[in-house]
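Structure record follows, encoded as structure tokens.
Heavy-atom basis, side chains included; hydrogens, waters and symmetry copies ignored. Keep in mind that this is a model prediction, so the values were computed, not measured.
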Number of protein chains: 2
Amino acid sequence: MLKRNLPPVHPGEILREDYINEHNLTITEVAEGLGIARANLSAIVNGRAGISPEMAVKLAEAFGNTPQFWGNLQKNYELWHAERTVNRSKIRHFWEEWKGLQPT
Amino acid sequence: MLKRNLPPVHPGEILREDYINEHNLTITEVAEGLGIARANLSAIVNGRAGISPEMAVKLAEAFGNTPQFWGNLQKNYELWHAERTVNRSKIRHFWEEWKGLQPT
DNA sequence: GTATCACGTAACATTACGCATTACAAGATA
DNA sequence: TATCTTGTAATGCGTAATGTTACGTGATAC
């Protein structure tokens with residue numbers, strides 16, 4: 001298992017570079033194709049909004065991949081930031097009290 | 001790849017059954033161990049709240065598994081509901097216009 | 001050269017949700 | 001009976017996603 005030290009790119013950046021720019025699409029064009037507002041898509045690709053579960057489904061439908069793909073990008077992004085935000089120091093380690101029952 | 005037809009259990013249910021009940025813990029006890037309010041944990045295990053990224057980190061720290069574990073449970077739960085909520089009928093299939101460039 | 005249009009982004013309002021605080025009901029215990 | 005513990009609901013706050021509206025910029029039409 002490999003620990004990442006570098007912050008994962010915002011899913012919106014991948015959306016912009018690998019799907020919009022790569023295929024010479026515009027934000028307006030894609031927003032219309034997804035049935036959402038331009039402002040909404042603009043916020044996503046600029047990192048000012050995340051990819052909601054509903055948006056993940058729409059993106060998958062439009063770009064021929066899975067909602068899991070977009071959901072994973074978003075989840076990894078959020079978890080990476082949460083891991084360095086949350087103060088773990090005062091959390092009780094229940095699993096150490098179980099001696100031999102720890103899941104992976 | 002296997003398509004699930006049955007709704008995934010709410011992550012809070014797994015938390016309650018496999019971690020709290022299984023080890024004879026109480027909501028009060030676990031909430032204190034996590035450093036959160038009882039009401040907060042109660043809402044989660046009763047399906048009235050989801051597991052946030054921050055909560056996933058805390059649960060992993062307390063129970064000896066990974067934030068990814070809890071994050072995946074939550075993501076799968078949300079995506080399953082989003083898939084049957086979102087109206088895909090009017091979404092443009094950009095990938096069909098790319099002919100041979102579809103990602104998996 | 002000015003007017004119009006398309007495009008991208010910001011501002012605002014609405015809605016939903018995670019979380020803390022508070023209040024309440026039920027059961028156990030002194 | 002009174003007090004304490006436990007679980008849950010109600011309330012308020014902050015944050016975030018979304019749609020609508022507005023604004024600035026560049027291209028195109030006249």
Side-chain angles (χ1 to χ4, degrees), chain A residues 10-13 15-17 19-21 23-62 67 70-71 73-75 77-83 85-88 90-92, chain B residues 10-13 15-17 19-21 23-62 67 70-71 73-75 77-83 85-88 90-92:
Chain A
H10 190 280
E13 194 173 334
L15 174 54
R16 161 168 271 163
E17 294 179 359
Y19 291 88
I20 300 181
N21 290 351
H23 297 92
N24 297 313
L25 300 171
T26 66
I27 289 183
T28 300
E29 199 175 5
V30 173
E32 287 177 357
L34 292 170
I36 64 174
R38 279 177 313 180
N40 189 358
L41 185 57
S42 175
I44 292 173
V45 300
N46 284 300
R48 305 205 330 276
I51 295 183
S52 68
E54 291 75 15
M55 193 64 65
V57 171
K58 293 180 183 179
L59 291 171
E61 181 75 12
W70 298 103
L73 289 179
Q74 183 64 33
K75 169 185 63 69
Y77 181 82
E78 290 176 345
L79 286 182
W80 188 90
H81 286 93
E83 290 200 65
T85 292
V86 172
N87 182 357
R88 297 178 179 79
K90 297 203 185 70
I91 294 181
R92 176 173 165 190
Chain B
H10 190 280
E13 195 173 334
L15 174 55
R16 159 168 272 164
E17 294 178 358
Y19 291 87
I20 300 180
N21 290 352
H23 297 91
N24 297 314
L25 300 171
T26 65
I27 289 183
T28 300
E29 199 175 6
V30 173
E32 288 176 357
L34 291 170
I36 65 174
R38 279 177 309 173
N40 189 358
L41 186 57
S42 174
I44 292 173
V45 300
N46 285 298
R48 305 204 330 275
I51 294 182
S52 67
E54 290 77 14
M55 193 63 66
V57 172
K58 293 181 183 178
L59 291 171
E61 181 75 12
W70 298 103
L73 288 179
Q74 184 64 32
K75 169 184 64 69
Y77 182 82
E78 291 176 345
L79 286 182
W80 188 90
H81 286 93
E83 290 200 63
T85 292
V86 172
N87 183 358
R88 297 178 180 79
K90 297 202 184 70
I91 294 181
R92 176 173 164 189

Can you pull every protein N or O that's under 3.5 Å from an N or O on nucleotides 26-29 of chain D?
none

Tell me if a side-chain donor or acceptor on B/T85 pairs with a main-chain N or O of B/H81 at a distance below 3.5 Å.
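Indeed, once roles are kept as given, a pair shorter than 3.5 Å links the two residues.
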Under 4.5 Å between any side-chain heavy atoms of [X] and [Y], yes or no?
X: B/L34; Y: A/R92; value: no
X: B/W70; Y: B/M55; value: no
X: A/V45; Y: A/E13; value: no
X: B/I51; Y: B/I44; value: yes

Point-to-point distance, once rounded to the nearest 0.5 Å, from [atom1] of [X] to [atom2] of [Y]:
X: B/N87; Y: A/E61; atom1: CG; atom2: CD; answer: 9.5 Å
X: A/I36; Y: A/S52; atom1: CD1; atom2: OG; answer: 9.0 Å
X: A/L41; Y: A/L15; atom1: CG; atom2: CG; answer: 6.0 Å

Would you indicate what A/S42 reaches in the nucleic acid, counting non-hydrogen atoms under 4.0 angstrom: base, sugar-phosphate, or nothing?
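Answer is base: heavy atoms of A/S42 come under 4.0 Å of a base.
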For chain A, the stretch of DNA chain C it reaches, first to last nucleotide, under 4.0 Å of its heavy atoms
C/dC7 to C/dA10
For A/P67 and A/A60, the nearest pair of non-hydrogen atoms, with its separation, is N-CB, 3.3 Å
N/O contacts under 3.5 Å, protein versus nucleotides 14-20 of chain D?
{"residue": "D/dA17", "atom": "OP1", "partner": "A/G50", "partner atom": "N", "Å": "2.9"}
{"residue": "D/dA17", "atom": "OP2", "partner": "A/G50", "partner atom": "N", "Å": "3.4"}
{"residue": "D/dT18", "atom": "OP1", "partner": "A/S52", "partner atom": "OG", "Å": "2.6"}
{"residue": "D/dT18", "atom": "OP2", "partner": "A/N40", "partner atom": "OD1", "Å": "3.3"}
{"residue": "D/dT18", "atom": "O5'", "partner": "A/N40", "partner atom": "ND2", "Å": "3.3"}
{"residue": "D/dG19", "atom": "OP2", "partner": "A/A37", "partner atom": "N", "Å": "3.3"}
{"residue": "D/dG19", "atom": "OP2", "partner": "A/N40", "partner atom": "ND2", "Å": "3.1"}

Looking at A/K75, A/Q74, A/E78, which hits side-chain contact (heavy atoms from CB on, under 4.5 Å) with A/P11?
A/Q74
